[in-house]
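What you see is a predicted model, and the numbers here were worked out from it, not measured in a lab. Below, all heavy atoms of this structure are taken into account, side chains as well, without hydrogens, waters or symmetry copies. Residue numbers begin at 1 in each chain, while the letters A, B, ... track the order of the sequences.
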2 protein chains.
Amino acid sequence: MVNLTDYVEKLKSGDRRTLARLISLVEDGSAELPEIMRAIGTATSHAYTIGITGSPGVGKSTLSAALVGAIRAKAQRVSVLAIDPSSPLTGGALLGDRLRMQEHATDPGVYIRSMATRGRLGGLAWAAPHALRILDAAGTDFILVETVGVGQAEVEVARQADTTIVVLAPGLGDSVQANKAGLLEVADIFVVNKADRQGAHEVRRDFEQMLDLGEHKAWRPPVLLTQANDGTGAGEVLDAVDRHREHLESSGEIRMRRLDRALDEIKEIALGRVRQAMEQFDDSDLLRTLAEQVVEHNLEPYAAADKLLAQIG
Amino acid sequence: MVNLTDYVEKLKSGDRRTLARLISLVEDGSAELPEIMRAIGTATSHAYTIGITGSPGVGKSTLSAALVGAIRAKAQRVSVLAIDPSSPLTGGALLGDRLRMQEHATDPGVYIRSMATRGRLGGLAWAAPHALRILDAAGTDFILVETVGVGQAEVEVARQADTTIVVLAPGLGDSVQANKAGLLEVADIFVVNKADRQGAHEVRRDFEQMLDLGEHKAWRPPVLLTQANDGTGAGEVLDAVDRHREHLESSGEIRMRRLDRALDEIKEIALGRVRQAMEQFDDSDLLRTLAEQVVEHNLEPYAAADKLLAQIG
């Protein structure tokens, strides 16, 4: 590997090849990562993170592309991180296939990357904060985070964001969409996409009613209509993000959210360290002998785990 | 909690309420679990585990129900564990809704249970071995393990099984179904379900050709046709399971598989222990101070994680 300081300087200057390589190291759960993250240090956290979640088919990535357009119209820099929590394979090429994103692919103010997180080191909860720190260190004003593939892990993505947008669409089981996965509680903004389709206004009304009936909080999530495929409504969504950001900052809630995230991040890194330490025992006589004793019913697995932990100590 | 020895004796006698309560403790990642698992000890592993995986819509649970019928026709006891890796909520009632399973619900030789595994203690890889040990200790000849919900985590389920059945169906993207998720490599038996539908024989032929072209191993997975909704073919699938079991036993491969599983299990338990130890710091001044320093950019998160680990160590 190249000189670490040079490498990190390259990242901080926004070099895309360095950025891409570092996110691949996150996907791989590379042993080099701790040293790199230490070198990146604390020189981050200028970026504001927007999570985009919702059931498959609602148009999350189309909305992402429309928001990229709206952010660029304000001359702000933006990164898009599409997380695929179901795949153990690198998804680097995935987003390149997306028509709507392609128009932004050559814009130097836009960085687009997908990341597979079904790696060994603990999945999304471990990988996402690493990738966000790296994107942040490379310099960007906004980071959009979304999940690709099947509709899992939306809540985890929401936890990584300053503002969470829950995307809905008419004809997909209506309010059930958000209720089911606990998305109702994590939404800062609701977007009813595909607003030109039948039922869009009914979905909006249903969600407004649900908010009327629910607990009244200091921030009431707006319910906005978009047609993301032609960008209609993206500017309004971005305005709502700005208002939510102001609310978080004036109420001090942003600090609470970031504290919670830092707490999770510290614990996930600590767990990753233990995982790495354990991997060094993978081919060891110790672990092999313990496994044999468990298979032969001479040792129960908790006692075996204690013996392993005693070695890692 | 009741006297632990009594409790474990109740489990070993096959008491269903005890069984159900213990699997709920697994879902919750209960702090009582280590003590219980130690008390269960090594008095397990009579059961043979069959994993049932495949894309959503192929009829996994219908095939499970048909296999339950075939196993019961031989007067053997069977448990069904349906794992829902996407839900953090208890899925105890889920399987009760399934029509085909209901005919077995009152059979004392059958135990059916679903389990949500999106808990705090590490998900499926942590929860599944616990549940399998508990079901095993309660006394059963076969355990069928399947995933419910979206088509993720199939490979993880396969890793828990002695014999893995990959279920296919015509009209669902054919060979792509299995190739995509790496299921081709984990299959011990292929089942083309919905054999009465157009294209079933073509799916079978495609998979036979794929096996012809692939690496020739000591065990060639058979490709069987079923109509699980009326039980057609379930007996043949069970016969194939028996043949595969004989192959694993005569070749010694079953020991290798169980060693690998024990190795994973020991490591997952060890990680769970570290997670539990960390949770005790959740409201501590230590972790709060570290999180504050990270948010204020006075400490990078790897250094914070080291400080946390030093306290746990």
Side-chain angles (χ1 to χ4, degrees), chain A residues 34 37-38 40-45 85-86 88 118 122-123 129 133 149-153 155 181-182 255 258-263 265-275 278 281-282 287-288 290-309 312-313, chain B residues 34 37-38 40-45 85-86 88 118 122-123 129 133 149-153 155 181-182 255 258-263 265-275 278-279 281-282 287-288 290-306 308-309 312-313:
Chain A
M37 297 309 290
R38 285 180 206 276
I40 291 173
T42 57
T44 56
S45 223
S86 66
R118 201 168 106 189
R133 269 184 196 277
V150 285
Q152 64 187 92
V155 177
R255 189 180 157 81
R258 290 182 170 175
L259 270 176
D260 282 348
R261 254 149 65 189
L263 217 135
E265 187 180 9
I266 294 166
K267 290 200 291 182
E268 288 297 331
I269 289 172
L271 275 175
R273 304 293 277 168
V274 176
R275 273 203 186 85
M278 282 202 309
F281 286 90
D282 262 1
L287 194 49
R288 186 170 307 272
L290 291 174
E292 273 169 9
Q293 289 177 304
V294 167
V295 169
E296 284 155 10
H297 310 308
N298 294 323
L299 188 70
E300 50 83 16
Y302 270 84
D306 286 346
K307 291 187 182 193
L308 176 61
L309 283 173
I312 290 169
Chain B
M37 297 309 291
R38 286 179 205 275
I40 290 172
T42 58
T44 55
S45 222
S86 65
R118 202 168 107 189
R133 270 184 195 276
V150 285
Q152 64 188 91
V155 176
R255 188 180 158 80
R258 290 182 170 175
L259 270 176
D260 282 348
R261 256 150 62 190
L263 217 135
E265 186 180 9
I266 293 166
K267 291 200 290 183
E268 288 297 332
I269 289 171
L271 276 175
R273 302 294 275 170
V274 176
R275 272 202 187 85
M278 282 201 309
E279 272 173 21
F281 285 89
D282 262 359
L287 194 49
R288 186 169 307 271
L290 291 174
E292 273 169 10
Q293 290 176 303
V294 167
V295 168
E296 284 155 11
H297 310 307
N298 295 323
L299 189 70
E300 51 83 17
Y302 271 83
D306 285 346
L308 176 61
L309 283 172
I312 290 169

K.L.:
On a heavy-atom basis, which atom in A:K267 and which in B:L308 lie closest, and how many Å separate them?
P.N.:
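Here A:K267 and B:L308 meet closest at CG-CD2, 4.1 Å.
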K.L.:
What closest approach, in Å, do B:R288 and A:L259 show between heavy atoms, and which atom pair accounts for it?
P.N.:
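B:R288 and A:L259 have their closest heavy atoms at O-CD2, 4.5 Å.
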K.L.:
A side-chain contact here means heavy atoms from C-beta on lying under 4.5 Å apart; do A:Q293 and B:T42 qualify?
P.N.:
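Heavy-atom side-chain distance check fails, nothing below 4.5 Å.
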K.L.:
Quick one: are B:L263 and A:D282 in side-chain contact, heavy atoms under 4.5 Å?
P.N.:
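Yes, at least one pair of side-chain atoms sits under 4.5 Å.
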K.L.:
Taking the side chain as everything from C-beta on, heavy atoms only, tell me whether B:E300 gets closer than 4.5 Å to A:I40.
P.N.:
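With C-beta onward as the side chain, the pair stays apart.
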K.L.:
So which heavy atom on A:A291 is nearest to which on B:A262, and how close?
P.N.:
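Taking A:A291 first and B:A262 second, the nearest heavy atoms are O-CB, 3.8 Å.
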K.L.:
Please assess A:K307 against B:I266 for the test side chain to side chain contact (heavy atoms under 4.5 Å, CB included), listing each intermediate value before the final yes or no.
P.N.:
CA-CA 10 Å; A:K307 291 187 182 193; B:I266 293 166; over 6 Å; no
K.L.:
Heavy-atom distance under 4.5 Å to chain A: side chain of B:E296, backbone, both or neither?
P.N.:
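Interface part for B:E296: side chain.
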K.L.:
At what distance, to the nearest 0.5 angstrom, does CG of A:L309 lie from CZ of B:R273?
P.N.:
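One gets 8.0 Å once the value is rounded to the nearest 0.5 Å.
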K.L.:
If you compare all heavy atoms of A:A305 against all heavy atoms of B:A270, which two are closest, and at what distance to 0.1 Å?
P.N.:
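Smallest heavy-atom distance, with atoms named: CB-N, 3.7 Å.
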K.L.:
To check you understand the geometry: which heavy-atom pair defines the closest contact between B:R258 and A:V295, and what is its length?
P.N.:
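In terms of heavy atoms, the two residues are closest at O-CG2, 3.4 Å.
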K.L.:
Less than 4.5 Å to any heavy atom of chain A: does that hold for the side chain of B:D306, its backbone, both, or neither?
P.N.:
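Side chain only.
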K.L.:
Side chain, backbone, both or neither: which part of B:E292 has an atom under 4.5 Å from a heavy atom of chain A?
P.N.:
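B:E292 touches chain A through backbone and side-chain heavy atoms alike.
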